[in-house]
Every structure is written in structure tokens, then in C-alpha cells.
Amino acid sequence: MTGDMWLMFLKAFFVGGAICALAQILLEKTKLTAPKILVLMVTLGAGLGILGIYPKLIEFAGAGASVPLLGFGASLAKGAQEAALEQGWLGVFLGGIKSTAGGITAAVVFGYLAAILFNPKTKP
């Protein structure tokens, strides 16, 4: 592997780790619940995507920035913007789902498989 590839891996690792660390800090140091943090991260990603900040972070860190929840929010916003330009108001609602359909499908399929393969239990 070349030095450029290692640098790409390091950037992805540290940016993705920083995003995950932020969520963990919010979970442990605030009274926010996991679902509220999830919504906050997706909304923050969408906002940063609309402002044009998050695409630069994705360009810098690759999968380290595109895979976490912030990246999902940025993808939703980008899809909605592009579809709104092509289809008008209907595109605002359809574009985000269309641009993230692969990720949503993977989450449902792998979540279902995990539930079948393992014995999930709810916390009391």
C-alpha cells in the first residue's frame, strides 16, 4: 500500500472516530436519549450539507465522514436539493429518500438478519 492510501485511512479513521466520540459524549454527559442524538446528528448533517460544509468534509475524510449519521443527513439534504431543482416541491420530499434508499435498505436487511441470528433482549 502506498503512503497516500495510509493517509486516506488515517483521515477516515480520525474523522469518523471524532463523529462517534461526539455522539458518545452527548450520550454520557447530557440527558439526551439515543433517539434524540440520532435525530440531532442527522439534522446537523443535513444542515451542514445544505451550507456546503459537509461535502468538503466528505472530500477530505471519505468514508469516515460519509458513513456516520451526519453523512446520512447530508445525503438526504443533497438528494432533496437536486430533486427540488428537477421536480419542484415534490422533489423536496422524494429526493432525499431516493438518494439514501441503498443505506435504508441495508439497515433494514442487516437489522433483520441480526435479529434472526442473535437473541435480542430489551433492557428492563
Side-chain angles (χ1 to χ4, degrees):
M1 283 201 269
T2 66
D4 288 342
M5 190 174 285
W6 281 108
L7 182 61
M8 179 184 62
F9 288 151
L10 282 173
K11 288 192 267 185
F13 177 78
F14 283 111
V15 170
I19 292 169
C20 293
L22 172 65
Q24 190 65 38
I25 290 168
L26 288 172
L27 189 60
E28 292 183 13
K29 300 294 182 185
T30 67
K31 293 187 181 204
L32 293 173
T33 61
K36 289 180 182 178
I37 293 171
L38 180 141
V39 170
L40 175 70
M41 296 295 255
V42 171
T43 306
L44 181 61
L48 292 173
I50 289 170
L51 295 174
I53 297 169
Y54 209 76
K56 293 176 185 172
L57 186 61
I58 291 173
E59 185 179 322
F60 172 76
S66 64
V67 172
L69 288 171
L70 289 170
F72 181 75
S75 293
L76 279 171
K78 181 180 177 186
Q81 282 178 322
E82 291 173 355
L85 293 174
E86 294 174 8
Q87 302 171 339
W89 279 104
L90 185 60
V92 171
F93 300 104
L94 300 177
I97 299 299
K98 186 176 179 182
S99 69
T100 58
I104 293 169
T105 302
V108 170
V109 169
F110 291 117
Y112 180 72
L113 288 175
I116 289 173
L117 296 175
F118 303 100
N119 189 12
K121 295 183 175 98
T122 59
K123 291 183 180 181

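FYI, the numbering just counts along the sequence from 1.
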Query raised in the report: Hey, quick one: are L22 and F14 part of the same hydrophobic cluster, counting side-chain heavy atoms closer than 4.5 Å, chains of contacts allowed?
Result: no
Query - Cluster link V108 to F110, ILVMFWY, side chain under 4.5 Å - result: no
Query raised in the report: Among all residues two or more places apart in sequence or in another chain, which pass the side chain to side chain contact (heavy atoms under 4.5 Å, CB included) test with I19?
Result: V15, M41, Y54, P68, L70
**Report entry** L44 side chain reached by L48 side chain, heavy atoms, under 4.5 Å
**Finding:** yes
**Report entry** Atom pair OG1 (T30) and CG (L40), whose distance is rounded to the nearest 0.5 Å
**Finding:** 9.0 Å
Report task. Kindly work out whether a path of hydrophobic side-chain contacts (I/L/V/M/F/W/Y, heavy atoms less than 4.5 Å apart) joins V39 to F72. Result -> yes
Query raised in the report: How long is the span from the NZ atom in K11 to the CE atom in M8, to the nearest 0.5 Å?
Result: 9.0 Å
Requested in this report: Kindly give the heavy-atom pair with the smallest separation between S99 and S75, and that separation in Å.
Outcome: OG-O, 3.0 Å
Report task. Output the distance between atom CG (L32) and atom CG (L26), rounded to the nearest 0.5 Å. Result -> 6.0 Å
**Report entry** Distance, nearest 0.5 Å, that separates CG of D4 from CZ of F9
**Finding:** 11.5 Å
Query raised in the report: Where is the tightest heavy-atom contact between A83 and G95, given as atom of each residue plus distance?
Result: CB-CA, 3.4 Å
Query raised in the report: Are any non-hydrogen side-chain atoms of T105 and V109 less than 4.5 angstrom apart?
Result: yes
Query - Separation of L69 CG from C20 SG (nearest 0.5 Å) - result: 8.5 Å
Query - Where V42 and L76 come nearest, the two heavy atoms and their spacing - result: CG1-CD1, 4.1 Å
Report summary line: The reported gap from NZ in K29 to CD in Q24 (rounded to nearest 0.5 angstrom) is 10.5 Å
Query raised in the report: Is there a path from V92 to I104 through hydrophobic residues (I, L, V, M, F, W, Y) whose side chains come within less than 4.5 Å of each other?
Result: no
Query raised in the report: Mind checking what makes side chain to side chain contact (heavy atoms under 4.5 Å, CB included) contact with Q81, not counting sequence neighbours?
Result: I50
Query raised in the report: Are I97 and F93 connected in a single hydrophobic cluster, I mean Ile/Leu/Val/Met/Phe/Trp/Tyr linked by side-chain heavy atoms less than 4.5 Å apart?
Result: no
Query raised in the report: Which pair of non-hydrogen atoms, one from G49 and one from A74, has the smallest distance, and what is that distance?
Result: CA-CB, 4.3 Å
